[in-house]
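Below you'll find the structure, written out as structure tokens, and then a few comments.
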2 protein chains.
Amino acid sequence: MSKANLTRETLLPKLAAHVLNHGLGGASLRPLAKAADTSDRMLIYHFGNKEQLVADLLGHIAGIYSTALDAAMGAERPTTRKECFDRILEQGSHPMMRPFMVLWWEIVAGSARGIPGYREAADAMMTKQLAWLETQMPEDDPDPAGGARYLMTLLEGTLMLGVVGHARTASEGLLASGVSPS
Amino acid sequence: MSKANLTRETLLPKLAAHVLNHGLGGASLRPLAKAADTSDRMLIYHFGNKEQLVADLLGHIAGIYSTALDAAMGAERPTTRKECFDRILEQGSHPMMRPFMVLWWEIVAGSARGIPGYREAADAMMTKQLAWLETQMPEDDPDPAGGARYLMTLLEGTLMLGVVGHARTASEGLLASGVSPS
DNA sequence: CAGACTATGTAGCGCTCGCTACAAACCGGA
DNA sequence: TCCGGTTTGTAGCGAGCGCTACATAGTCTG
């Protein structure tokens, strides 16, 4: 195995890939190490302890999410809030995003429980998403800032309901609200 | 220690109390047993294995939630959607509800990850909450069913944003939507 | 009272956990 | 070339995990 350049920076992408596929809470050092072609011994050496590793990993994942949003910045803006909402919801429901969404709820749960590092990562990702959403608001929207926050609240509620098998509840609610059809 | 009447039914309330204070995912048999004044040996004896214990526990907790909602059914209904939303949000934000909310996000995360038993419990709780919310809608609401679903989506989004430190984002969004002044 | 079945205590199995002790390999500068 | 620091491998520690084997106490039925 190539032992070249074993640093936090080269390890984090492989660790992130493993965590996206297998979860964060249940991840232990030895499987993580194997996923990064190294040993638990070296993970502790480079990160100090597991808590720091998880914190760094969450920061790295938040960074990935941020750059993914930057890359997804559409050229042409939607013309209505409804269109804006539908577009971002569809993007979040894309199968490619599934591992990320599964991990996301784990981060929310960790944030609620107060596990070190989780809250910060979750906050960063939401802040980024909000900023991104503001840029995606219709150009002629009377209140882009407030509208983005409103849409984001609706969006997160929709995603949560979807996760627990109540996607229909959300879509019927959105239909009644006039924000989104279907 | 009183060894009287050691059954699933007498065990579950004590187990639920422990889980509400210490989390579900990280809970292991021996601390759970101590919280219920018994031994890990007996937990396995009565539930078969840990997975079944967790499933039963989630069912029990969903039941607790359901009866709590029944008890919280207000005598006089709100007169506007905004009032309805504010009232239920305030109730959900009550400090007494905190352990339950923390556990809730763990259930959502487990549901997203597909852990057996989580999805069913989450679904049951949301279904119950929706039914409850429908009864709390203003009497003259033009579309109580759709309105309840809309408010619920907004509510869940608000709660999630609150958990990750974005309560302001949600309240500003609600302000812009006209549903809640905050 | 005999026997069967249920309920419980004690002890421990094999495993994984995060982490560490110790030594060897490597590598740059004197 | 030797030397000191950085990086890595091997082995293992103590603890906790879910779960089981085995024996025993209690209880109910015939």
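Below, read A as the first sequence line, B as the second, and so on, with proteins coming before strands; counting in each chain starts at 1. As the structure is a prediction and not an experimental result, all values here were calculated from the model.
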Q.
Just to verify, which of A:D141, A:D86, A:D143 counts as forming a salt bridge (charged side-chain N to carboxylate O under 4.0 Å, His left out) with A:R81?
A.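 That would be A:D141.
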Between [N] atom [atom2] and [X] atom [atom1], what is the distance in whole Å?
X: B:Y45; N: D:dA21; atom1: OH; atom2: P; result: 15 Å
X: B:R30; N: C:dG9; atom1: CZ; atom2: P; result: 15 Å
X: B:L43; N: C:dT8; atom1: CG; atom2: P; result: 11 Å
X: A:I44; N: C:dA21; atom1: CD1; atom2: P; result: 13 Å
X: B:R8; N: C:dA7; atom1: CZ; atom2: P; result: 10 Å
X: B:R41; N: D:dT20; atom1: CZ; atom2: P; result: 10 Å
X: B:D40; N: C:dG12; atom1: CG; atom2: C1'; result: 11 Å
X: B:L29; N: C:dG12; atom1: CG; atom2: P; result: 20 Å

Q) Going hydrophobic residue to hydrophobic residue with side-chain gaps under 4.5 angstrom, can you get from B:L43 over to B:L20? A)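 Same hydrophobic cluster.
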Q. Across the strands shown, which category fits B:N49 at heavy-atom distances under 4.0 angstrom: base, sugar-phosphate, nothing?
A.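 Sugar-phosphate only.
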Q) On DNA chain D, nearest-nucleotide positions of A:T38 versus B:G26: which is more 5'? A)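 This one resolves to A:T38.
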Q | Side chain A:H18, main chain A:A36, donor-acceptor under 3.5 Å | A |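 Checking the backbone N and O of A:A36 against the side chain of A:H18, no donor-acceptor pair under 3.5 Å is found.
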Q.
Between A:H46 and D:dT7, is there a contact of a side-chain N or O with OP1 or OP2 at under 4.0 Å?
A.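 For A:H46, the contact criterion (side-chain N or O under 4.0 Å from OP1 or OP2 of D:dT7) is not met.
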Q: Indicate the ring-plane relationship of A:Y150 and B:Y150, choosing parallel, tilted or perpendicular according to the 30° and 60° boundaries.
A: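 Answer is perpendicular, since the angle exceeds 60°.
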